[in-house]
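Here's the structure we're looking at; comments come further down.
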Amino acid sequence: MSAQGRTYSTRRRAIVGAVKTLLETINGTGSFRTNVAEVASRLKFWDEVVDFPTIHIGAGGETREYASGNHRFRFLQLTIRCYVQDEDDVILSLEKLLEDVESVLEDNDPISYTDGDGNTQSTAQTTILSIDTDEGVLEPLGVGEIVAEIRY
């Protein structure tokens, strides 16, 4: 049996890609409070951030939970780092972006994605574990982070 055909293989890249696509919808219209310039499917260094606001997604640790009936859940931790630049009120700008990201995650739970075999899959649950900011220390730049756990 090939690794791609396994029932319980990791789907990290596919889930990160799906989250990236969802976050790219933050465009300042409707209920969105910000218009995102870039969404990247990996964490980047500060010197790589050119356009603001920008969002970088990093896949972290993944754990397993084994249940009866040979059923397994995967828990993938995502770090979603948000960068803003604002000369007037960087904390408010960062809060607006974090609120938009949180809304996207909550409004699209479960998340649909395509696995390595081209099959449409769905996550079981998205849980936001923490939201943190730099509290304006880097003003006029601001950075915030959402850590989420995706169960699939």
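A distance of 10.5 Å separates CZ of R64 from CZ of F75, quoted to the nearest 0.5 Å. Atoms CD and OG, on E99 and S31 in that order, are 9.0 Å from each other to the nearest 0.5 Å. Annotation: the span from S130 atom OG to I146 atom CD1 amounts to 8.5 Å, rounded to 0.5 Å. If you take CD1 on I111 and CD1 on I15, they are separated by 7.5 Å, rounding to the nearest 0.5 Å. The OG1 atom of T54 sits 12.0 Å away from atom CZ of R81, with the distance rounded to the nearest 0.5 Å.
For L23, the side chain to side chain contact (heavy atoms under 4.5 Å, CB included) criterion is met by V19, I26, V39, I55, I57, I80, V101, V104, not counting sequence neighbours. Contacts of E95 classified as salt bridge (Lys or Arg N to Asp or Glu O under 4.0 Å), with partners at least two apart in sequence or in another chain: none. Checked against side-chain hydrogen bond (donor to acceptor under 3.5 Å, both in side chains), T127 has the following partners two or more places apart in sequence or in another chain: Q125. Legend: residues meeting side-chain hydrogen bond (donor to acceptor under 3.5 Å, both in side chains) with T123, ordered by chain and number and at least two apart, are absent. Partners of E24 according to the salt bridge (Lys or Arg N to Asp or Glu O under 4.0 Å) rule, which considers only residues two or more places apart in sequence or in another chain, are K20.
A59 and V16 get closest at one heavy-atom pair: CB-CG2, 3.9 Å. Between D115 and Q121, the closest heavy-atom pair is OD2-NE2, 2.9 Å. Annotation for L97 and P53: closest pair CD2-CB, 3.8 Å, computed over non-hydrogen atoms. The nearest pair of heavy atoms linking P110 to S122 is CB-OG, 3.4 Å.
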>> For T29 and N27: C-alpha separation, side-chain torsions, deciding distance, then whether side-chain hydrogen bond (donor to acceptor under 3.5 Å, both in side chains) applies.
In response: CA-CA 6 Å; T29 64; N27 61 8; 2.6 Å; yes

>> As a quick check of understanding, evaluate side-chain contact (heavy atoms from CB on, under 4.5 Å) for L141 and F52, giving each step before the final call.
In response: CA-CA 9 Å; L141 301 175; F52 296 92; 3.8 Å; yes

> Should V147 and Q77 be marked as a side-chain contact (heavy atoms from CB on, under 4.5 Å) after you check the CA-CA gap, both sets of side-chain angles, and the distance that decides it?
Replying inline: CA-CA 7 Å; V147 177; Q77 196 168 89; 3.6 Å; yes

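E38 has a carboxylate O that lies under 4.0 Å from a charged side-chain N of K44, or vice versa, which qualifies the two as a salt bridge. The pair E65-R72 fails the salt-bridge criterion, with no side-chain N (NZ, NE, NH1 or NH2) lying under 4.0 Å from an Asp/Glu carboxylate O. Under a 4.0 Å N-O distance rule, the pair R42/E48 qualifies as a salt bridge.
Under a 3.5 Å cut-off, the side chain of D117 and the backbone N or O of N119 do not form any donor-acceptor pair. Side chain of D132 to backbone of E145: no donor-acceptor contact under 3.5 angstrom is found.
Residue-environment remark: OH (Y66) exceeds the threshold of 12 foreign heavy atoms within 6.0 Å.
Other residues sharing a hydrophobic cluster with L92 under the 4.5 Å side-chain heavy-atom criterion for ILVMFWY residues do not exist; the residue is a singleton.
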